[in-house]
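The structure appears below as structure tokens.
Only this structure's heavy atoms are used, side chains among them; waters, hydrogens and symmetry mates stay out.
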Amino acid sequence: MSRVAHHTAEELADLKHRAPLLRLDGVTKTFPGVKALDDVSFDVRHGEVHALLGENGAGKSTLMKVLAGVHRANSGTIHLNGEPVEVNSPLEAKARGIVLVHQELSLAPELSVAENIFLGSLPTKRFGLVSWKRLNAAATHILDRLGVKFESYDRVGDLSIANQQMVEIARALVFTPKVVVFDEPTASLTDAEKVVLFDVIAGLKKEGTGIVYISHRMDEIFTLSDRITVLRDGQTRGTLNTRDTDEDGVTRLMIGRSLDKSARKAAPEPGPVALEVKGLSCGDLFRDISFSLRRGEVVGMYGLVGAGRTEIAETIFGLRAKDGGEIRIDGAPVDISGPPDAIRHGVALAPESRKEQGLVLGMNCRDNMSLSQLDAVSRGGWLDRGAEQAIYDEYAGRLSLKAPSWRTPVRNLSGGNQQKVVLGKWLGVKPRVLIVDEPTRGIDVGSKSEIHALIRRLAAEGIAVLVISSEMPEVLAVSDRILALYHGRLAREFAAADVTEDALVQAISGL
Amino acid sequence: MTKLDIQSGQAAPRLGVPDRDALRETLQKQGILIAFALFLVGFSLMSDRFASWDNVSTVFRQVSIIGTMALGVTVVVITGNLDLSVGSLLSFATVLVVDLHDQIGPAPAILVMFAATLLIGCVNGLLVGYGRLNSLIVTLGMLSAIQGLTLIYSGGQNVDIADQEGTWFAVFGRGFLLGLAVPTLIFLGLAVAFHVMLTRTSFGRRVFAVGGNPTASAFSGVRRARVVFSAYVLSAFTTACAAVILGSRVMGSQNNVGQGYELLVLSGVILGGASLLGGSGSIPKTVIGVLILGFIQNGLLLMGYPYYAQWLVTWVVIILAVWLDVASKRGAFFTRTS
């Protein structure tokens, strides 16, 4: 990483006087019911790496989509090389030299590396036939520059995710872009591959390309960037010179305060055991998991992605078949073969992915909330709209849901409010055991602490709550006890009172 | 809602935008009604017989078969699936009920036909619902399988009812009640029942949920397979009802009488604005979609065009309807490319 040198003071001064290559002024973008970007201004100069930071949901991806022509801003201007431009489609953005290296891969797995790189601009010979010779030569040229270990004719579907990411990057280089936006480019890269990527970025800088670098990783940002802009709640909170700041300064801008790790109140005395899991196993996903949840208690489940957290929750909820072990609710062994069984036994799961698993996006708030309890709000198959409305009114109130009306499709709500609908849907069934998987993923900081407080309150009302999270501050903030998972096994259990961050990190890393 | 936002300063929209948005929303939601009204006005101006009570009631009677079938297919489409087997299922059911009429009497014939037709609906439902097979493949295969079944049953012979005047079976296709044709009454009665079912029962809610997001529905305890299975049984049920009307009206049947109906039915459902992706659609709009098809056919005939002109015009109308729908959502008729 140290290969990317910082600018000297002289260069920096020079940089300051250079006209911005790309400038966004007062960009505002609203979606029905949500203001995703609020008067955002931002610029990138020639040969500069400008890091863009912000919590999930702060508006980074919306800003990038406006820049790449996927969304159109409601107001505001974009200047490229001092000229006002309109970017109405991704193709137009590309033609103007703005390319986006996606976090989500958008490759055609059945095609070769070369075809993917030049998709849409394949070199042709007579009769419009593809010139494979020129295609592979051109692709190899770009791949050499990236120093990758695969060939231009390899099938993309056969490559590792990291290598696919490199193909995605190669694709951005075809057009000799003016501005390259990297969205979490290192998420799936190994350290060696990162070094290569940083070299590529250094090369682009030298050629005068402007680079927008989005990442959550502070070390990368401080290694690579010249300036850092922080977004929060759709607004620009400030632009800092990387040299003049440190992680603390950036964090303060991001969340509006220093991280407070002692938000948790003293735990009340927990009640009897509500859920007991003994020796639960499921293939390679997890083995021999045993733990218990008491009424009135919040237990955090912490581990890396792939450690088996979500799979354990899905097995308890009946979405996966276990191949060993026992689940007891209130002391009695239960057989849960599907979500309806789980719901009947008082187990609720607010899943990891709100949009894919939690909500019917086109349906209104009220109908989404009653979906988990249709039998309870109907008599002989006839819906009782009064009962539905009562559930909505109660939980919209208790969760302080901000929705224009119960008729609003949940698609139009912000992430935090969508999560409240999911929670409302499960609170309505009056669960004994509530499992929440990544309850604040992609939610702004304000809603985050609101949801944390809510989880504590639910426990205080006598629900046994299991919180699955990959964010350590979250686990530390809400849990009475913490289960650390490593590779599908329960590595250690901590009482919240005597857990340290170091011990937790060691436990989930198998140390 | 827009007003509230302005007052609270939550999302100050640009001046002039709200009106356009409101107009777009209205067009999007009520586009089908507007198109329908334009059609009626246009045809009334071109032919003075068009708007007469006689003509309108004729159109209703004519669309009653396709309309009845479209009710069940609407349910299937809302679950995010297709049913292309209804055309040949109509042939099968009609041949069966007409043939059995003289052999075992009208009531038993109707019962046996319903049982057989619902059984075929169950097979579709098992394969798509529980087997999780692609509905296009399953019902397209079923389309030709039933054609074979019909020919095997009839030996390729057309069937008819001997005593066409003396049987009470005639009432379903030819009868009138309170000045309205029985087929029209069956169609509209079932439409009301289906509308109530989709909007007022927990089953109806599950249909929309499964079509809107199958995964989230499963996570909410909705049994997708059961819902999809029921949708196909309902689709077979409405086709069986249509077969009663058709058999009774014609008092006979050819082996391929329902050929091509699956596309007409689906056209009506799509004109009504149901999304083929599932999760949206409504019975009243399907009824209007079917009526548009009927009025196009009728209007063209009144203006002296041959009946096959309707096929071309219908296609144009469907493309226009779908295009308008898509265009109103993305705000342009063509996507911009540089």
Using a cut-off of 6.0 Å, state whether more than 12 heavy atoms not belonging to [X] lie near its atom [atom1].
| X | atom1 | answer |
| --- | --- | --- |
| A/Glu86 | CD | no |
| A/Arg344 | CZ | yes |
| A/Arg385 | CZ | yes |
| A/Arg320 | CZ | yes |

Determine whether a donor-acceptor pair (N or O, by modelled atom type, separation under 3.5 Å) exists between the side chain of B/Asn213 and the backbone of A/Gly362.
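Checked: no pair found.
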Where does A/Gln357 contact chain B at under 4.5 Å (heavy atoms): side chain, backbone, both or neither?
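Looking at A/Gln357, backbone and side chain both touch chain B.
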Among [options], which has the most heavy-atom pairs under 4.5 Å with chain B?
| options | answer |
| --- | --- |
| A/Leu349, A/Asp384, A/Ile343, A/Leu383 | A/Leu383 |
| A/Pro340, A/Pro339, A/Gly338 | A/Pro340 |
| A/Thr28, A/Leu359, A/Val429, A/Val422 | A/Leu359 |

B/Phe219 and A/Glu356, any side-chain heavy atoms less than 4.5 Å apart
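No, their side chains stay 4.5 Å or more apart.
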Mind checking the OG-CZ spacing from A/Ser378 to B/Arg200? Nearest 0.5 Å is all I need.
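One gets 14.0 Å once the value is rounded to the nearest 0.5 Å.
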If you compare all heavy atoms of B/Ser217 against all heavy atoms of A/Val360, which two are closest, and at what distance to 0.1 Å?
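Reported closest heavy-atom pair: OG-CG2, 4.4 Å.
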Does anything in residues 416-429 of chain A pair up under salt bridge (Lys or Arg N to Asp or Glu O under 4.0 Å), and if so which pairs, sequence neighbours excluded?
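As it turns out, the salt bridge (Lys or Arg N to Asp or Glu O under 4.0 Å) pairs with a partner in residues 416-429 of chain A, which skip direct neighbours, are A/Lys420-A/Glu450.
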Output a table of donor-acceptor pairs, distance under 3.5 Å, between side-chain atoms of residues 186-196 of chain B and any protein atom two or more places apart or on a different chain; print 'none' if there are none.
none

Could you please state which residues from residues 69-82 of chain B sit under 4.5 angstrom from chain A, measuring non-hydrogen atom to non-hydrogen atom, sorted by number, or 'none'?
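Under the 4.5 Å heavy-atom cut-off, nothing qualifies.
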Which atoms of B/Thr199 are under 4.5 Å from chain A, going by heavy atoms: the side chain, the backbone, both sets, or neither?
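For B/Thr199, heavy atoms of backbone and side chain both lie under 4.5 Å from chain A.
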May I ask you to list the residues in residues 369-377 of chain A that approach chain B closer than 4.5 angstrom, counting heavy atoms only, ordered by number?
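The residues closer than 4.5 Å to chain B, in numerical order, are A/Ser370, A/Leu371, A/Ser372, A/Leu374, A/Asp375.
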I need the residue from B/Gly279, B/Gly221, B/Ser220 with the largest number of non-hydrogen atom pairs under 4.5 Å to chain A.
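Heavy-atom pairs under 4.5 Å are most numerous for B/Ser220.
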